[in-house]
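Structure first, commentary second.
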Amino acid sequence: MKPVRVRFAPSPTGFLHIGGLRTALYDYLFAKSQKGKFILRIEDTDQSREVSGAVESLISSLHRLGVDFDEGPGCEGEFAPYIQSQRLTLYHQHAQLLLDSGDAYHCFCSSETLTKMREEQQAKGEFVKYDRRCLSLSKAEVQQKMESGEKHVIRLRMPDNHRFGFDDAIRGHVEMDASQSDDQVLIKSDGFPTYHLAAVIDDHFMQISHVIRGEEWLSSTPKHIWLNQCFGWETPIWVHLPLILSTDRSKLSKRMNDVSVESYLAKGYLKEAILNFVALLGWHSADDRELYSLDELCDTFSLDRVTKSGAIFDLTKLDWMNGQYMRNLPLDTITERSLPYFQAAGMPIDNTSVLSKIVAAARERCTLLPEIVEYSRMFLERLELEASDKELLKSIDSQRVLAWFSTELPKSAPLDADKVHSLSKLCMESLGLKGKAFYTPLRLALIGVAHGPDLPTIFSILGEEEAISRINLKCEQG
RNA sequence: GACCCGGUGGACAAGGGGACAAGUCGCAGCACUUUCAAUGCUGAGAUCGCGGGUUCGAAUCCCGUCCGGGUUACCA
C-alpha cells in the first residue's frame with residue numbers, strides 16, 4: 001500500500017472559507033489517521049483572480065486553527081516548490097509531451113469565435129463543446145500561425161467513443177462518457193496552465209495518493225483520468241466530498257453567506273468549536289458522539305463514514321457547540337481568549353483574579369467570546385438602572401433591605417459564600433421578607449440589573465469594599 | 001437541454017431486507033434555582049421525495065418518475 005499523501009489545493013482568491021476549511025480538515029484528519037502526510041499546494045494559475053496577501057492569509061488561518069500541514073509554502077519538503085506559478089516549466093514540458101504524442105493540439109480560436117460557436121450549438125440544441133476546428137490544422141499552418149505571433153492555447157484531445165469508469169471512495173463506481181468532456185484547454189494563451197493540467201501533474205509528482213476535493217470536480221474527473229493515462233501514470237484514489245450548502249440548498253458561496261473562517265474567529269467562535277462543527281458537516285461516527293477535540297477526530301475519522309449528500313451550513317448548532325466549549329475548555333484558556341475583546345472594548349482589566357472570576361461566571365451563560373465582555377459590565381461598571389427598577393428600589397421594603405446590609409456588611413468580613421448565605425437568611429428573617437422581595441433590590445443595588453449570577457459570586461467578584469459602596473449609594477439615592 | 005451526484009422530522013444525521021425508524025441541534029413543557037444561565041427529565045415533530053415491482057417482509061434491492069444540486073470557461 002502506497003503511503004498516504006493528501007493535499008489541500010486552494011487558489012489564492014481570498015480568505016479561507018468554511019468549505020475550504022472542511023476540505024482541508026478532512027485532508028488533515030485522513031492524513032493523520034493514516035500516518036500520512038498533509039500537503040498544502042497553492043494553485044495560483046489564474047492571474048486575473050489572484051488576490052494579494054491571500055496565500056499568507058490562507059496559511060495563517062490554517063495555523064490559527066491548528067490544521068498544520070507537513071509540506072507546503074514555508075515548510076518546503078522534497079517536492080518543492082508548492083506554488084504552481086513556480087512550476088511553470090514542468091507544465092510546459094508535459095504539455096509538449098502531449099503535443100508530441102498527438103494527445104494535445106494547438107488552438108488559435110479567439111474567444112469571440114468560441115462564443116459564436118457555442119451560441120450556434122446551443123441554438124441547434126447540440127451539446128456545447130469545442131468543435132475541434134483547429135485539430136485539422138496542418139503542421140505547417142500551425143507553425144506559420146505561431147511565427148506570426150497569433151495567440152493560442154493548447155487543448156487536450158479527449159478520446160472518441162470512450163467510457164470512463166472510476167471508483168470514488170465516497171460515491172462508489174461512477175461512469176461517464178468521454179463525449180461529455182470538452183477538449184479542455186491545458187495551457188492558456190497567457191502561458192499559464194489550467195487547473196486540470198497543473199493539478200494532475202502536481203498530484204503525480206508530489207505522489208498524492210488520494211485526491212480529496214469538492215464534488216464540483218466530479219464531472220471533470222474523466223479529463224484528469226485521461227491526462228494520467230496519456231502520461232502513463234497511475235491515477236490517485238478519487239474522493240469527492242459532498243458540497244456544503246447555503247440555506248437555500250445551493251453551493252455555499254461568499255456572495256450569500258458569511259463564509260470566511262476569520263470572520264467566525266473574529267466574532268468570537270472558538271477554534272475548537274469551528275473545527276468540531278465543520279468536521280460534522282458531512283462526517284459522523286457510528287456512535288452518538290458529537291463533541292470531539294482535533295486529536296480525537298484524528299483517531300476516529302474515516303473516509304467511509306463521510307456522507308454522500310450535501311449539508312446545509314446552519315449556525316444554530318455551531319452556537320450550541322461553541323457554548324459547550326465555552327464551558328468545558330479550561331477556564332484559563334477562555335479567560336485568555338477573551339482578553340482581546342476586553343481590550344477592543346476599551347476595558348482592560350489588570351486584576352487577573354477578578355477577571356477570571358468574571359469569566360467563570362460569564363461563560364456559563366454566554367455562547368460567544370465577546371458576550372463575556374458585555375456580561376462583565378455589571379461588575380466593572382455601575383450600570384444605569386431602568387426606570388422601573390429605580391422605582392422598585394425606592395420602595396420601603398427595598399430600602400429596608402439595603403439599610404440592613406449597609407449596617408451589617410461592614411461588620412461581616414470576609415464575605416465568603418457561607419457568610420453571604422447566613423447574612424441573607426438573617427436579613428430575610430429579621431425583616432420578614434423573602435424571595436424576590438429580598439433578592440431583587442439587593443441585585444439591583446449591587447449589579448444594576450435583576451438577572452445575574454448568585455449572590456456569593458457577585459460579592460466575590462465585586463469585593464467587599466465595592467459591594468458596600470454600591471449598596472450605600474443606592475441607600476442614599478433611595 | 002445534456003451528463004453526473006444526491007433526496008430519512010425545520011437543521012445535522014444513525015440504520016444498507018425483519019422491532020412501534022436511534023441520537024444531536026432547535027422548539028414546547030416540567031424540575032432545580034431568588035433571577036438569568038447551565039443542567040436534568042418529558043413531549044411535539046418522519047407514512048424514510050413519489051409511484052410501481054421483487055419478497056412472507058423494503059427506508060434498505062430493482063425499475064420508473066419528480067425534486068434539488070454540480071458540471072457543461074483560456075475560474076478554480
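Naming convention: chains lettered A, B, ... in sequence-line order (proteins, then strands); numbering from 1 in each chain.
The residue from A:Arg289, A:Glu290, A:Arg305 that alone fulfils the side-chain hydrogen bond (donor to acceptor under 3.5 Å, both in side chains) condition with A:His284 is A:Glu290.
A side-chain N or O of A:Thr316 and one of A:Asp314 form a donor-acceptor pair less than 3.5 Å apart. For A:Tyr269 and A:Asp319, the side-chain atoms include at least one donor-acceptor pair closer than 3.5 Å. For the residue pair A:Ser85 / A:Asp44, a side-chain donor-acceptor distance below 3.5 Å is found, with atom types taken as modelled.
Residue-level contact check: A:Gly282 touches the backbone only, with heavy atoms under 4.0 Å from sugar-phosphate atoms and none from bases. The residue A:Thr45 sits close only to the backbone: its heavy atoms come under 4.0 Å of sugar-phosphate atoms, none of a base. Contacts of A:Ala311 with the nucleic acid, taken as non-hydrogen atoms under 4.0 Å apart, involve only primed sugar atoms and P, OP1 or OP2. Contact annotation for A:Leu455: base contact, defined as any heavy-atom pair under 4.0 Å involving a base atom. Nucleic acid contact for A:Val128: sugar-phosphate only, since backbone atoms but no base atoms lie under 4.0 Å from a heavy atom of the residue. Across all strands shown, A:Arg305 has heavy atoms under 4.0 Å from sugar-phosphate atoms exclusively, and none from any base. Residue contacts for A:Arg443: at a heavy-atom cut-off of 4.0 Å it reaches a base atom on one of the strands shown. When heavy atoms are screened at a 4.0 angstrom cut-off, A:Glu175 is found touching the sugar-phosphate backbone but no base atom. Across all strands, A:Gly452 comes closer than 4.0 Å to base atoms (heavy-atom distances). In this structure, A:Arg289 reaches neither bases nor backbone, as no heavy-atom distance under 4.0 Å exists between it and the strands shown. Across all strands, A:Pro10 comes closer than 4.0 Å to no nucleic acid atom at all (heavy-atom distances).
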Between A:Phe313 and A:Phe277, is the ring pair (Phe, Tyr, Trp, His ring centres under 6.0 Å) condition met? List the steps.
CA-CA 10 Å; A:Phe313 181 66; A:Phe277 180 69; 5.7 Å; yes
Could you give me the CA-CA distance, side-chain angles and deciding distance for A:Ser61 and A:Glu262, then say whether side chain to side chain donor-acceptor pair (under 3.5 Å) is met?
CA-CA 7 Å; A:Ser61 295; A:Glu262 285 300 321; 2.7 Å; yes
Does the side chain to side chain contact (heavy atoms under 4.5 Å, CB included) test come out yes or no for A:Leu40 and A:Leu62, once each step is laid out?
CA-CA 10 Å; A:Leu40 175 69; A:Leu62 251 20; 4.2 Å; yes
Walk me through it: do A:Tyr26 and A:Trp283 pass the test ring pair (Phe, Tyr, Trp, His ring centres under 6.0 Å)?
CA-CA 9 Å; A:Tyr26 283 15; A:Trp283 174 86; 7.6 Å; no
Mind running ring pair (Phe, Tyr, Trp, His ring centres under 6.0 Å) on A:His17 and A:Tyr264 for me, showing each step along the way?
CA-CA 10 Å; A:His17 58 90; A:Tyr264 284 96; over 10 Å; no
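Across the protein-nucleic acid pair, A:Asp304 atom CG and B:rA14 atom P stand 12 Å apart, rounded to whole Å. Between the C1' atom of B:rC75 and the CG atom of A:Asp44 lies a distance of 13 Å, rounded to the nearest Å. Rounded to an integer number of Å, the gap from A:Glu112 CD to B:rA73 C1' is 14 Å. For the pair A:Met176 CE and B:rU71 P, the computed distance is 13 Å after rounding to whole Å. Look at CG on A:Asp454: it is 15 Å from P on B:rA38, rounded to the nearest Å. Computed from coordinates, the A:Leu245 CG to B:rG70 P distance equals 8 Å when rounded to whole Å. Taking atom CD on A:Glu50 and atom C1' on B:rC75, their separation rounds to 13 Å, with Å as the unit.
Residue A:Arg49 has no polar side-chain atom (N or O) positioned under 4.0 Å from OP1 or OP2 of B:rA76. OP1 or OP2 of B:rC4 has at least one side-chain nitrogen or oxygen of A:Arg163 nearer than 4.0 Å. Between A:Ser424 and B:rU34, a side-chain N or O to OP1/OP2 separation shorter than 4.0 Å is absent. Of the side-chain N and O atoms in A:Lys188, one or more sit less than 4.0 angstrom from OP1 or OP2 of B:rA76.
A salt bridge is defined here as a Lys NZ or Arg NE, NH1 or NH2 lying under 4.0 Å from an Asp or Glu carboxylate O, and A:Lys188 with A:Asp190 fails to meet this definition.
The base of B:rC5 lies outside donor-acceptor range of the side chain of A:Arg171, with no N or O pair under 3.5 Å. Checked by distance alone, A:Ser189 brings a side-chain donor or acceptor within 3.5 Å of a matching partner on the base of B:rC74.
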Its contact letters, B for base, S for sugar-phosphate only and - for none at protein heavy atoms under 4.0 Å, make nucleotides 20-33 of chain B read --BBBSS-------
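A residue-by-residue look at A:Arg155 and A:Gly310 shows that A:Gly310 has its nearest nucleotide of RNA chain B further toward the 5' end. Along RNA chain B, the nucleotide nearest A:Thr307 and the nucleotide nearest A:Cys109 are compared for position; the residue whose nucleotide lies closer to the 5' end is A:Thr307.
The side chain of A:Glu364 lies closest to B:rA37, out of B:rA73, B:rA76, B:rA37. Among the nucleotides B:rC4, B:rA38, B:rC74, the one closest to any side-chain atom of A:Thr194 is B:rC74. Considering only the side chain of A:Leu243, B:rG69 comes nearest among B:rA13, B:rC4, B:rG69. Taking the side chain of A:Ile312 as heavy atoms from C-beta on, and the options B:rA11, B:rA76, B:rA2, the nearest nucleotide is B:rA11. Taking every side-chain heavy atom of A:Glu215 into account, B:rG69 is the closest of B:rA76, B:rG69, B:rA2. Among B:rC36, B:rA13, B:rC74, the nucleotide with an atom closest to any side-chain atom of A:Tyr375 is B:rC36.
A cation-pi arrangement is not found for A:Arg7 relative to A:Phe38, the charged atom failing to lie both closer than 6.0 Å to the ring centre and inside a 45° cone about the ring normal.
One C1' atom belongs to B:rA13, the other to B:rC48, and the distance between them is 13 Å to the nearest Å. The same atom, C1', is picked in B:rG45 and in B:rA2; the two are 40 Å apart, to the nearest Å. Taking the C1' atoms as reference points, B:rG10 lies 32 Å from B:rG57, given to the whole Å. For the C1' atom pair drawn from B:rG69 and B:rC36, the interatomic distance equals 43 Å after rounding to whole Å. Rounded to the nearest Å, the gap between the P atom of B:rA19 and that of B:rC25 is 26 Å. If you take atom P in B:rU47 and the same atom in B:rG9, they sit 8 Å apart, rounded to whole Å. Taking atom C1' in both B:rA59 and B:rG16, one finds a spacing of 9 Å when rounded to whole Å. Separating the P atom of B:rU8 from that of B:rC50 is a span of 11 Å, rounded to the nearest Å.
Checked against the 6.0 Å centroid threshold, A:His162 and A:Phe164 count as a close aromatic pair.
With sequence neighbours left out, the side chain to side chain contact (heavy atoms under 4.5 Å, CB included) criterion links A:Thr115 to A:Glu119.
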Intra- and interstrand pairs of RNA chain B - dot-bracket, Watson-Crick/G-U under 3.5 Å, | marks other strand
((((((((.[[[..)..(....]]].(((((.......))))).....[[[[[..)....]]]]])))))))....
